[in-house]
Amino acid sequence: MSANGLRVLLVNCNTPMDNLIPAGVSLLSAVLKAEGSQVRCFDTTFYRPADFVTGDEARAMTLQVKRTSFSELGIHPKPGTAEDDFRALVAGWEPDLIGFSVIECTHRLALDLARAIADYRPEVPRIWGNVHATFAAERIVGAPELDMLCVGEGEVAIRELARALAHGRRPSGIPNLWIKNGGVERNALAPLVRLDDLPEQDWEIWERERFFKPMGGRIWVTGTFEMNRGCPYSCMYCVNYGLNRLYAEQGGYFREKSIPVLVREMLDKKKRYGLEFAYLVAESFLTTTRQRLEQFADLYPAVGLPFWVEARPESITREKVALLERCGCEGISIGVESGSHEFRRRFMNRNIPNDKMVRAMGILADSRLRVSANNVIGFPTETRDLIFETIELNRRFPRVNGVMCAIYNPYHGTRLREIAEAEGYISPDEVAGDYRKETIMRMPHLSPDEIKGLQRTFPLYVKLPKARWPEIRRAEAPTPEGDRIYAALAQEYTERHG
Ligand code: SF4
């Protein structure tokens, strides 16, 4: 059977100017094209509302990364609105299936787009997928803007849906799909795919501008490659907690792609797309077998692209760090999250002592890798004192190039979302915000403004002498005086620490 001629419009509901090729949508396109479907993608990335602060800008404004500018590369936001351009594309191309990839931050955007085509052929299914559709399924399934949800991974579901539509069958009984047909047909989960069985990603659906990604103060032509899917851990604030729970009967959600298959695709795409940098999707790069890491070290030099990895501190050893250096790894982000061992253990399911983290950072300090410490503040029940434990822990790290500070947001599918709802910090129907910019939680002991003030001063508290802390405290305030003090401190920090 094939889905010959079926026109499928994939809608990548992305936050403005967040430029990184999404492997998931690229894979869906590849699966559909292998079935004979025609595929186009409507991508919201370059639609930027007036006065919108992008995630990269928010990080630069809070001293976490260097400023970069897409406009220097001739990349500018599109002039029109996403809704108008989407409506025109749908009217002109007349798709037979419209698939929205939606994350929690883009839930409202997806609704706006779906409403913009409310008059378009009602028999054409509108399906929503990705993590938000998976974990907020019960809450959003009633929305009139959508006809189906993909709960869980999408490759098998979209292939079966395309086959049914191409053959004029009413979609029913398709694994992973929730289908609205008067009631809601909730189909069971399909077996997880083997990553090696998937086709290579289809990047022909993306504009050339989509390959430019800021990293370490520079903008690189970057390709995204899925090395693993999911994570072997289940931290309570992370979506992998929900994915591992959803797929518990299948042994969890985590799978690895074999290294030769990964490297083959990288070699091909490096040449075809002129890549300068590789973004490897691997939630905890070093948490794998020694044999796999050695195979990567043997085969990856043929690819030769600089890359950046994320890792848990407990996975750091001198041997593994030497291996990363040998492969041309540019830098490493270490998940620190909180400075309180007890808080990490109780509220995150991360049971690593602080001394062990400091030792891991010491090993990295001796390497030539750039090192980022990933911190998060504003967790449910977290206090100002606990945030200062995180600052104190960061001060013990011998060398960190990037002091990152995200703001916790209660994403659906995480255990901490359930706690935030139970504590009354959010109402059940609220959607979470952007972890780089703000919290949606209302905690009586720590206001959103105080969290934002701590976020912007976090690197200052970490890197400047403690004698400056009273001054830094005044820079937390969102007042003209606080802003003035912050601007002076930020300039000093940038001159000293880059
Ligand atoms: S290690 Fe990272 S990716 Fe894995 S569950 Fe924890 S936070 Fe999520």
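Counting begins at 1 with the first residue of the sequence.
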request  = Walk me through it: do F285 and L293 pass the test side chain to side chain contact (heavy atoms under 4.5 Å, CB included)?
outcome  = CA-CA 9 Å; F285 185 93; L293 288 174; 4.0 Å; yes

From CA spacing to verdict: salt bridge (Lys or Arg N to Asp or Glu O under 4.0 Å), R115, E145 = CA-CA 6 Å; R115 285 172 191 148; E145 290 82 2; 2.7 Å; yes

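The heavy-atom pair separating A157 from I174 by the smallest distance is O-CG2, 3.9 Å. Closest non-hydrogen pair, M443 versus P380, comes out as SD-CA, 3.8 Å. Nearest heavy atoms, V124 versus D147: O-OD2, 3.7 Å. Across all their heavy atoms, P175 and N187 have their closest contact at CA-CB, 4.2 Å. When all heavy atoms of L189 and L246 are compared, the closest pair comes out as CD1-O, 3.5 Å. In terms of heavy atoms, V102 sits closest to N130 at O-CB, 3.3 Å.
Qualifying ring-ring contact (aromatic ring centres under 6.0 Å, His included) partners for Y273, counting only residues two or more places apart in sequence or in other chains: W203, F211. Residues forming a salt bridge (charged side-chain N to carboxylate O under 4.0 Å, His left out) with E207 (at least two apart in sequence, or on another chain): K78. For H412, the ring-ring contact (aromatic ring centres under 6.0 Å, His included) partners at least two apart in sequence or on another chain are H132. Residues that satisfy the side-chain contact (heavy atoms from CB on, under 4.5 Å) test with I219, not counting sequence neighbours, are T68, F70, L73, F212, P214. In terms of the salt bridge (charged side-chain N to carboxylate O under 4.0 Å, His left out) criterion, E283 has no residue partners (sequence neighbours excluded). By the salt bridge (charged side-chain N to carboxylate O under 4.0 Å, His left out) test, E276 is found to be paired with R218, residues two or more places apart in sequence or in another chain being considered. Partners of P77 under the side-chain contact (heavy atoms from CB on, under 4.5 Å) rule, at least two apart in sequence or in another chain, are M17, R48. Residues that satisfy the ring-ring contact (aromatic ring centres under 6.0 Å, His included) test with F307, not counting sequence neighbours, are F296, Y300. Partners of F42 under the ring-ring contact (aromatic ring centres under 6.0 Å, His included) rule, at least two apart in sequence or in another chain, are Y47, F86. With sequence neighbours left out, P232 forms a side-chain contact (heavy atoms from CB on, under 4.5 Å) with F254, T287. With sequence neighbours left out, the side-chain contact (heavy atoms from CB on, under 4.5 Å) criterion links P306 to W220, F277, E330. For R272, the salt bridge (charged side-chain N to carboxylate O under 4.0 Å, His left out) criterion is met by E204, D268, not counting sequence neighbours.
I98 pairs with exactly one of L113, I117, I127, V8 by the side chain to side chain contact (heavy atoms under 4.5 Å, CB included) rule, that one being I117. Here the rule is ring pair (Phe, Tyr, Trp, His ring centres under 6.0 Å) with Y408, and of F379, Y237, F347 only F379 fits it.
D96 and R121 are joined by a salt bridge, as a carboxylate oxygen and a charged side-chain nitrogen come within less than 4.0 angstrom of each other. Salt bridge absent: D449 and K452 never bring a charged side-chain N and a carboxylate O closer than 4.0 Å. Salt bridge annotation for E418-R245: present, with a cationic side-chain nitrogen under 4.0 angstrom from a carboxylate oxygen.
Taking 4.5 Å as the limit, some side-chain heavy atom of W206 sits within range of a side-chain heavy atom of N12. In this structure, the side chains of V90 and P95 come closer than 4.5 Å at one or more pairs of heavy atoms. Side chains of M148 and P171 form a contact here, defined as non-hydrogen atoms less than 4.5 Å apart. Residues R417 and E104 are in side-chain contact: their nearest non-hydrogen atoms beyond the backbone lie under 4.5 Å apart. Taking the side chain as every heavy atom from C-beta outward, N409 and D434 never approach each other to under 4.5 Å.
Side-chain N or O atoms of Q250 include none that pairs as donor or acceptor with a backbone N or O of Y247 at under 3.5 Å. The main-chain N or O of S372 is never found under 3.5 Å from a side-chain atom of N401 such that the two would form a donor-acceptor pair. Between the side chain of N14 and the main chain of D43, no donor-acceptor pair closer than 3.5 Å is present. Between the side chain of K270 and the backbone N or O of V303, at least one donor-acceptor pair lies under 3.5 Å. For K213 (side chain) and T224 (main-chain N/O), no donor-acceptor pair under 3.5 Å exists by modelled atom type.
Taken to the nearest 0.5 Å, the CD1 atom of I179 stands 5.5 Å off from the OG atom of S172.
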